[in-house]
Amino acid sequence: MVAPCETEWLLSYCPKKEMHNKSQRRAIGFFAKIGRLIATPEITEISSYQLRYYRLVTCVANGVTTAFQLYSPLIRRYTERKSTFHIKAIQNHMITSGVPLLILGDKLIDAYLKCGDILDARKLFDGLPKKHIVIWNAMIASYITHRKAKEAIGIYERMLLDGVFPDEYTFSSIFKAFSDPCLVREGGRRAHGLSVVLGLEVSNVFVGSALVDMYAKYGKMRDARLVADRVVEKDVVLMTALIVGYSQLGEDIKALEAFCEMIDDGIMANEYTFASILITCGNSGDLNNGKSIHGLIVRLGFESAVAPQTSLLTMYSRCGLIDDCLRTFKLLANPNQVTWTSLITSLVQNGREEMALTKFRKMIREAISPNSFTLSSVLRACSSLAMLEEGKQVHAFVTKYGLDTNKYAGAAIIDLYGKCGSTDMARLAFDALIEFDVVSVNSMIYSYAQNGFGHEALQLFDKMKDLGIRPNNVSILSVLLACTNAGLVEEGCQIFASIKKDSNVELTKEHYACMVDLLGRSGRLEEAEILINQVRDPDVVLWRTLLSVCRIHGKVEMAEKAVEKVLQVAPEDDGTHVLLSNLYASTGKWSQFVKMKSTMREMRLKKSPAMSWVDVGREVHTFMAGDFSHPRSREILVTLEELVEKVKILGYIPDTRFVLRDMDEEKKESSLYYHSEKLAIAFAIWKTTDQITKIRIFKNLRVCGDCHNWIKFVSKVVGREIIARDAKRFHHFKGGLCSCGDYW
DNA sequence: TTAGGGTTAG
């Protein structure tokens, strides 16, 4: 669009001069005189519209009342077209023509706001000495739409200073601004007080709902309820705000009661209400009510509404009915971004990660773009499956959609790289975050912890204070785990002692279990036992932790005591029997071992078989100890033999203490060679010959001591980095050393 | 010329 332009330009659009009538010629003459004109390129001849301009300019000279009548339709016209450029041109025109802005200022501000140009609206707003209440309200509402709560409140406060009384429109907007979690709550309460004084608190249902919503967001459901009860003419919006409030604070029964109350009062639920109440049912695992509401949705014809259907599939997922969740999705004609995301999240939460990834690919194929919710769920699927390559591709999506700085996507990326043993990549993702919170920092500390980077974890934990983030339960657990995995006993004890003094964080049994592990591993078993006795009602985890450290240090007596305690708390705990039988085997107490085995047989307890897997060429290969069913078994065994020979030259001695069966030494030695992790590594070395690719293996149980030693030698022999994730943690083997410093 | 509620991630 072209604003004021030269007369010659206009004439070039109207080549046939003889076609101009008298008025048109006069108009052209006039504009030629002043040398300016507002015109649009689509106008190819002098239109009545432009003639109006001519009259307008003539009228300006005669008086402003006529100017109002003439400018108004112009402003309306360009507001409809959402052309802020034209509005600005009109404003300039008014200024140059000497029309006082006071007359049409309100209209211009309204026009700017409708065009979404809040900056120009504000400039004009600030320059106007007198504004209609409607404009104050429109300005506030616009700031809220643009998520600028502080600015909205600024206008509200200036309004009060200027002696302008807020009305019901003001309050229905301003409470929303005061709901912003970044602001102090005092302001909201003060505004509520003023609304009471002005008699607007409950006489208007819009004001009432906004107040209910604000108190719900403050977590003050008692106040929300008090306001709702006072509103005389309740409606569906007010009741939905109340239901959502209860639901989001976990007060599911009260949410359901509010829903029933609403139906009893004859207020018809709508799609928003259904969408919320179904989430309540899902959160409380209330399948019965969930199904009844599903029936109600069908009866009332809300089957095609996306929001309640999305909530319906979430409800089924949270009740563990993943097939019903899939069925609900299938019936939806037009699933949107949120629906797809809900489906993917549901699959991940129900342990169907592979299907979640398939659905994600389908979503992309159908040109539905993912958001931070989607990508963080997909990343969690990848990290659960330890699929690094797939995860990297999802990370690329995160970058593509500009979400590297998002704390949710970020935490999931950190978690992925941490779980895949790439702490450096995790740190890069952490440093890319703009907004982060306690969860982002915890993810990073946990990544360090599981990969054995104790000092880095401690450093970040200390830095939390500078970042203004208060550590929570998870932060403490993660940093203690970091100390355990890196053998930083004193540091761990210091942190534990300081947290004990700090009344802000409550220590749980999990923290104590972590300390038992830390002390026990370093051989301070007596202290570990004393610590357990400090806990009120020690649980199975605590005693089993003590038992597992007894196994490491071969403390049979203390172990038997621990077993007794475990079996008192949890008589059928199979892990305990396995741990004790392993302890008997490793200390050579074969008679007790045999006895234990028969007890286990009687109890039908089975030790879960050791299993390792390796991801080579995007295919997962699984190995079990002494299992030669892999199609490439021959090559694997040849590679294995070569490796054993080479590592023996470097000084590897098989450690037969890790053979948990009674047999002669030679047999023990050969049985060690066929442990699942050795088979997996031999396969990976045979299959991938380049020196750069790191070998990543995963094991369902802990890596045995002999294998740990063997892998160290192998990393030196083949000159490659080997990363092993076992049930407890990561081991990074490089150049004959392991990141755990042999402390694990 | 101005106003309210919902569904997806640690």
note = note: Asn137(A), atom CG; dG4(B), atom C1'; distance rounded to Å ~ 14 Å

request  = Name all residues meeting the salt bridge (Lys or Arg N to Asp or Glu O under 4.0 Å) criterion together with Lys254(A); count only those two or more places apart in sequence or in a different chain, and write none if there are none.
outcome  = Glu251(A)

ask   = What integer distance in Å separates Asn270(A):CG from dG5(B):C1'?
value = 8 Å

query = Any idea which of dT1(B), dA3(B), dA9(B) is nearest the Phe373(A) side chain?
reply = dA9(B)

inquiry  = Quick check on the 6.0 Å ring-centre criterion: do Phe171(A) and His192(A) meet it?
reply    = no

task = Could you list all the salt bridge (Lys or Arg N to Asp or Glu O under 4.0 Å) pairs where at least one residue sits in residues 430-440 of chain A, not counting sequence neighbours?
result = Lys407(A)-Asp437(A), Arg427(A)-Asp431(A)

message = Regarding dG10(B), can its base be found pairing with the side chain of Asn442(A) as donor and acceptor, where the two atoms are less than 3.5 Å apart?
response = no

query = Among dT1(B), dA9(B), dT7(B), which nucleotide sits nearest the side chain of Lys114(A)?
reply = dT1(B)

task = Determine whether the side chains of Ser342(A) and Thr310(A) contain a donor N or O and an acceptor N or O closer than 3.5 Å.
result = no

remark   = In numerical order, the residues of residues 334-341 of chain A whose heavy atoms come under 4.0 Å of DNA chain B are Val338(A), Thr341(A)

Strand contacts (DNA chain B) in residues 342-354 of chain A, 4.0 angstrom heavy-atom criterion = Ser342(A), Thr345(A), Gln349(A)

query = Among residues 200-210 of chain A, which contact DNA chain B at a heavy-atom distance under 4.0 Å?
reply = Asn204(A), Val205(A), Phe206(A), Ser209(A)

task = Mind checking Val244(A) for me? I need base, sugar-phosphate or nothing, with any heavy atom below 4.0 Å counting as a touch.
result = sugar-phosphate

inquiry  = Base, sugar-phosphate or nothing for Thr374(A)? Non-hydrogen atoms, less than 4.0 Å.
reply    = nothing

ask   = Is Ser276(A) touching bases, backbone alone, or none of the nucleic acid, heavy atoms closer than 4.0 Å?
value = sugar-phosphate

ask   = Of the nucleotides dT1(B), dG5(B), dT8(B), which has the atom closest to the Val236(A) side chain?
value = dG5(B)

query = Side chain of Asp235(A), base of dG4(B): donor and acceptor closer than 3.5 Å?
reply = yes

query = Should the pair Arg361(A)-Glu390(A) be classified as a salt bridge under the 4.0 Å nitrogen-to-oxygen rule?
reply = yes

ask   = Which residues satisfy the salt bridge (Lys or Arg N to Asp or Glu O under 4.0 Å) test with Lys123(A), sequence neighbours excluded?
value = Asp120(A)

ask   = Quick one: salt bridge (Lys or Arg N to Asp or Glu O under 4.0 Å) pairs with a partner in residues 391-400 of chain A, sequence neighbours left out?
value = Glu389(A)-Lys392(A)

task = Mind listing the residues from residues 144-155 of chain A sitting with a heavy atom below 4.0 Å of DNA chain B? Number order is fine.
result = none

message = Show me the pairs that pass salt bridge (Lys or Arg N to Asp or Glu O under 4.0 Å) and involve residues 255-280 of chain A, at least two apart or across chains.
response = Arg225(A)-Glu261(A)

ask   = Is any side-chain heavy atom of Phe360(A) closer than 4.5 Å to a side-chain heavy atom of Phe397(A)?
value = yes

Phe436(A) ring center within less than 6.0 Å of Phe430(A) ring center = yes

task = Would you mind telling me which of dG5(B), dT1(B), dA9(B) lies closest to the side-chain atoms of His132(A)?
result = dT1(B)

key: Side chain of Thr273(A) - closest among dT7(B), dG5(B), dT2(B)   = dG5(B)

query = Contact class for Lys176(A) (heavy atom, under 4.0 Å): base, sugar-phosphate, or nothing?
reply = sugar-phosphate

task = Determine which pairs satisfy salt bridge (Lys or Arg N to Asp or Glu O under 4.0 Å) with at least one residue from residues 149-166 of chain A, sequence neighbours left out, and list them in order.
result = Asp126(A)-Arg158(A)

message = Nearest to the side chain of Val237(A), heavy atoms from C-beta on, is which of dA9(B), dG5(B), dA3(B)?
response = dG5(B)

message = Listing request: all ring pair (Phe, Tyr, Trp, His ring centres under 6.0 Å) pairs with a residue in residues 249-283 of chain A, at least two apart in sequence or in separate chains.
response = Phe274(A)-Phe302(A)

request  = Please test Trp136(A) against Phe125(A) for ring pair (Phe, Tyr, Trp, His ring centres under 6.0 Å), starting from the C-alpha separation and ending with a verdict.
outcome  = CA-CA 9 Å; Trp136(A) 286 96; Phe125(A) 183 91; 5.1 Å; yes

query = Are side-chain heavy atoms of Thr170(A) and Asp167(A) found at a separation under 4.5 Å?
reply = yes

request  = Answer with yes or no whether Ser173(A) presents, from its side chain, a donor or acceptor under 3.5 Å of a partner atom in the base of dA3(B).
outcome  = no

query = Does Asn451(A) reach the main-chain N or O of Ser447(A) with its side chain, forming a donor-acceptor pair under 3.5 Å?
reply = yes

ask   = Expressed in angstrom and rounded to an integer, what is the separation of Arg318(A) atom CZ from dT7(B) atom P?
value = 10 Å

request  = Could you check how far CG of Leu278(A) sits from P of dT8(B), rounded to whole Å?
outcome  = 11 Å

request  = Would you mind reading off the distance between Tyr156(A) atom OH and dA3(B) atom P, rounded to a whole angstrom?
outcome  = 18 Å

task = Figure out the CD1/P separation between Ile279(A) and dG5(B), and round it to whole Å.
result = 18 Å

ask   = Nearest-Å distance, CD (Glu303(A)) to P (dT7(B))?
value = 21 Å

ask   = Which one, dG10(B), dA9(B), dA3(B), comes nearest to the side chain of Asp437(A)?
value = dG10(B)

message = Once you apply a heavy-atom cut-off of 4.0 Å, does Leu375(A) come out as touching a base, just sugar-phosphate, or nothing?
response = nothing

task = Enumerate the residues from residues 249-260 of chain A whose closest heavy atom to DNA chain B is under 4.0 Å, giving them by residue number; use none for an empty result.
result = none

request  = Find the distance Lys131(A):NZ to dT2(B):C1' and express it as a whole number of Å.
outcome  = 15 Å

message = Between Asp415(A) and Ser443(A), is there a side-chain donor-acceptor contact under 3.5 Å, judged purely by atom types and distance?
response = no

query = Under 30°, 30 to 60°, or over 60°: which ring-plane class applies to His86(A) and Tyr78(A), parallel, tilted or perpendicular?
reply = parallel

request  = Determine, for Asp223(A) against Arg189(A), whether the closest basic-nitrogen to carboxylate-oxygen distance falls under 4.0 angstrom.
outcome  = yes

request  = Choose from dA3(B), dG5(B), dA9(B) the nucleotide whose nearest atom is closest to any side-chain atom of Ser376(A).
outcome  = dA9(B)

